[in-house]
Amino acid sequence: MGNDKDKLVLIDGNSIINRAFYALPPLTSSNGLHTNAVLGFTTMLLKVLEEEKPSHVLVAFDAGKVTFRHEGYSEYKGGRQKTPPELSEQFPLLKELLQAFSISQFELAGYEADDIIGTMAKLAAEQGKSAIVVSGDKDMLQLATDEVSVLITRKGVSEVERFTPASIGEKYGLTPAQIIDLKGLMGDASDNIPGVPGVGEKTALKLLHEYGTVENVLQHVEEIKGKLRENIETNQDNARMSKQLATIYREVPLEFSIEDVAWKGYESATLAAAFRKLEFKNLSERLNLGAADEAMEAESAETASHYEVVRVEEAGWGVLTEAFPVAEAVLVDSVGDNPHQSEGIGITIVAGAKCYVVPYALLSDKEAKPLVAWLEDAGAPKISYDLHRVELILARSGITLRGQSFDVQLAAYLLDPTEADPSLHGLLQRYKLAPILPDEAVYGKGAKFRLPSGEELAKHLAAKAEAVRRLQPHLAEQLEELGMHRLYYELEQPLSIVLAGMEKQGITVNADALRELGAEFQRRLEETTEAIYASAGFEFNIGSTRQLGEVLFERLGLPVLKKTKTGYSTDAEVLEKLEPHHEIVRLILHYRQLSKLQSTYIEGLLKEIRPETGKIHTFYRQTIAATGRLSSQFPNLQNIPIRMEEGRQIRKAFVPSEPDWTILAADYSQIELRVLAHISGDDGLKEAFLKEMDIHTKTAMDVFGVQADQVDANMRRQAKAVNFGIVYGISDWGLSQNLNITRGEAAEFIEQYFLAFPGVRRYMTDIVERARNDGYVTTLLERRRYLPEIRHSNFNLRSFAERTAMNTPIQGTAADIIKLAMMHMNEALIERELRSRMLLQVHDELVFEVPADEVELMKKLVPEVMGSALKLDVPLLAEVSFGSNWYEAK
DNA sequence: GCTATCACG
DNA sequence: ACGTACGTGATAGCA
């Protein structure tokens, strides 16, 4: 009867989904559902289907809570933690997905998945079919026969180990049947199976190699010596019962036959839909479902919204005349990440039922004049995507973009700043609108990047531009609904224009000064390298952490204090502790410092200086940081060295762009702690700032209970760390690490702090509570950050979310404030017709270049504007300084 | 492409 | 008991 090609795959659903849940990082779909366990399960499933090519597949689940095992032993599985909600909500998802795979599933009240599988495996063997059992549970090994092999997952679910009677014999020296005896002796803590106390795998194996079965061990117990014998004798019943509990029952009354679980493959469209719902993009691509599915969907979106693609190069420039008056959205696509260098691809205008596509290169044509005029027309409103970038790209073609009315990327960032995929394709998915092809699918990625033919390209550009139009009303409505209307229209969107202005302006950097400094670094780098080789007695690549680790910890035998995922840790924290052990450590620290300066700051910055102007143009990203801060790229000008004198010299190269001008820098004093004083309303903290006390000294007085004159430098240093800790979302462990003190001491500092500033304690408790209730936290200007993991059952993830809940309103409100200050500064400069220019923002600092005759005015104006950016219950103080370069402005 | 490291606020 | 301070970006080494 059995066809000899028949092969059954029997999967222990509960076991695999559990393994997957704990093996994969938490993942949520855009609607907040946890999907990591389903993803892990599916990865494993696809692998098994691919490799085994089964004719029959069954996934078995445990049903309910009580099984026949409880009848004899009520504590069975008693010690097990209850299933976390993040996992239980994934069971229905998995069952639905299995349906999409057309795979049979089964559960039966009173029985566990392994009993169902054991019964099926037995049936299969009786019918001469082979079977593969898949589980994370080694108990299953008892089912192995010549016809039944068992796959046990390891390292999560990505890899499996295949067991046959032979390999079980090799690995354990046991027959499959003896696996039950093994469990009987060892027990299983996770199932609350007792076994024999004091008997682990090693002892159990030794006993079984000698006596074969639990029963035989019990019979010959008098031959065993000492404590072990005592344990076995007093636990005879436990051992017998444990063996019984571990035995898989193979007579489950199944109402179906093997033929009912035949598997003939899945239907692509159904599976594609299921993957889309779960947002399993990679899997979809892997199975080549993605392309077909999305092309189909994209097609239908195009027909559904009835737009026509007009290629201006074919239809002629004249067609644009009818477009401008009714134009709604414009898309400027480009190649490359750096907008100061990227090449434009095309400009697409959506107007009514038509999308007009203009290849970017045609922008320099004479006939493009009306298009340029439209782009520069402040009276022509433009909805777009990443307006900030567009403005920079157009600027390089001599075009000043005006009439910016809405940016879907920026709006989407405000609505959820942590969402990873900012692409139009991703946004459509998030807002459940008809999809378009992702850029990757059209352009390819990495080395395979290429622009498609005019026709195909035009179609894609049109689809993107039209997607912008479709997204806009949804986003605008959401902003309104969440009370983020003003944040968007009055702050972020106009700020993007100010940022573009700063970036276009750029900052002059003296290349010769950098090169000179670099030559000095180079000399010392070579010196240090020689010294390191001499100290080690041989040469190696100091920059390779792997080689360095071998040298320090294997050849020189230094103590290993910390490990990374891949080997020894050699970071500065470790090296500082190793300094007294060997002179080489100090040299390596010095080498590290120098090579960082040389590669990132000397060579890195030199590469970014435009030879024509001597300037560096950074690119501020407004849609990256989860807290609302800006970030800076190509190069990053927000991390120019300052803390160490050697690195600080780099700042001498940042100079004014015109002779006799001055660099003026102004930074907020303690802005985050002032924000904390305001939002917590703590009286003591507020008073400290109202009196303009030194906040770290004040904290030291309260934490150590001393007078101001008794605060020494060390106490102040520790108090400063406490203040940092408070802002970061305090934890005793974090503080103890930072200060190199015990956790208990750190906890004591924190307690003293909270006693002195009870309002701050109240804020910390309240904000976490609010985040738990609302699922998000906000800043003073209603900037929002969602924290789904604050309700997670995993301690680490939850704690992280709690610290984030404490920190984000503080860091985010500080970001709100300096953004306001930038807007007001920009207005003030224009209004007063000043020539001074705002060049850089470094989170709590603004850098300007100022002509000599404006220095006195700016020294007053800048701190005034910064200090009054937002009215708080405590004063906002900005300190100003200036000099002939950024180094001098300190 | 990923990991470890280190620069800044 | 659990094991991390909050937020970024650039570089070199290595697979």
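Protein chains get the first letters and strands the later ones, always in sequence-line order, with residue 1 at the start of each.
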#### Entry: Rounded distance in Å between the P positions of dT3(B) and dT4(C)
15 Å
At a cut-off of 3.5 Å, list every protein nitrogen or oxygen paired with a nitrogen or oxygen from nucleotides 10-12 of chain C, distance to 0.1 Å.
unit_1  : atom_1 : unit_2    : atom_2 : d
dA10(C) : OP1    : Phe634(A) : N      : 2.9

### Query
In residues 560-571 of chain A, which ones come under 4.0 Å of DNA chain B, going by heavy atoms?
Thr564(A), Lys565(A), Thr566(A), Ser569(A), Thr570(A), Asp571(A)
### Query
Listed by chain and number, what are the side-chain hydrogen bond (donor to acceptor under 3.5 Å, both in side chains) partners of Gln522(A), not counting sequence neighbours?
Glu526(A), Gln598(A)
### Query
Do any of residues 718-728 of chain A sit with a heavy atom less than 4.0 Å from DNA chain C, and if so which?
Ala721(A), Gly725(A), Tyr728(A)
### Query
With sugar-phosphate meaning primed atoms plus P, OP1 and OP2, does Arg621(A) contact a base, only sugar-phosphate, or nothing at under 4.0 Å between heavy atoms?
nothing
## Note on the structure
Rounded to whole Å, the CG-P distance (Leu630(A) to dC6(C)) equals 21 Å
### Message
Checking His678(A) now: which residues fulfil ring-ring contact (aromatic ring centres under 6.0 Å, His included) with it, not counting sequence neighbours?
### Response
none
### Task
Please determine if Glu520(A) and Arg524(A) form a salt bridge, counting it only when a charged side-chain N lies under 4.0 Å from a carboxylate O.
yes
### Task
Please work out if Leu735(A) contacts a base, only the sugar-phosphate, or nothing of the nucleic acid, heavy-atom cut-off 4.0 Å.
base
### Query
Can you tell me how far P of dG13(C) sits from CD of Gln547(A), to the nearest Å?
9 Å
### Residues in side-chain hydrogen bond (donor to acceptor under 3.5 Å, both in side chains) contact with Asp421(A), at least two apart in sequence or another chain
Lys281(A), Ser423(A)
### Query
Checking all strands, does Thr627(A) fall into the base, sugar-phosphate, or nothing category for heavy-atom contacts under 4.0 angstrom?
sugar-phosphate
## Note on the structure
By salt bridge (Lys or Arg N to Asp or Glu O under 4.0 Å), Asp571(A) pairs with (sequence neighbours left out) Lys562(A)
### Task
Look at the side chain of Arg743(A) and the base of dG3(C), then say whether one donor and one acceptor between them are separated by less than 3.5 Å.
yes
#### Entry: For atom CE of Met764(A) and atom C1' of dC6(C), their distance in whole Å
11 Å
### Message
Quick check on side-chain hydrogen bond (donor to acceptor under 3.5 Å, both in side chains): which of Gln649(A), Arg648(A), Arg643(A) does Glu645(A) satisfy it with?
### Response
Gln649(A)
### Query
If you measure from the C1' atom in dA7(B) to the same atom in dC2(C), how many Å do you get, rounded?
32 Å
### Query
CH2 of Trp733(A) versus P of dG3(C): gap in Å, rounded?
11 Å
### Task
Using the test side-chain hydrogen bond (donor to acceptor under 3.5 Å, both in side chains), find all partners of Glu845(A) that sit at least two apart in sequence or belong to another chain.
Trp886(A)
### Query
Given the P atoms of dC6(B) and dG3(C), what is the spacing between them in whole Å?
24 Å
#### Entry: Paired and unpaired positions of DNA chain C as dot-bracket, Watson-Crick or G-U wobble under 3.5 Å, | denoting a partner strand
.....|||||||||.
### Task
Report the residues that fulfil side-chain hydrogen bond (donor to acceptor under 3.5 Å, both in side chains) with Glu672(A), sequence neighbours left out, ordered by chain and then residue number.
none
#### Entry: Glu492(A) vs Arg783(A) side-chain heavy atoms within contact, under 4.5 Å
yes
#### Entry: Gln638(A) CD to dT8(C) P, straight-line distance once rounded to whole Å
11 Å
### Message
Just the rounded figure in Å: distance from C1' of dA1(C) to CG of Asn794(A).
### Response
12 Å
### Query
Along DNA chain B, 5' to 3', what are the outermost nucleotides having an atom less than 4.0 Å from a heavy atom of chain A?
dT3(B) to dG9(B)
### Query
So which of residues 796-808 of chain A are in contact with DNA chain B, with a heavy-atom cut-off of under 4.0 Å?
none
### Query
Whole Å only: how far is the CD1 atom of Ile671(A) from the C1' atom of dC6(C)?
15 Å
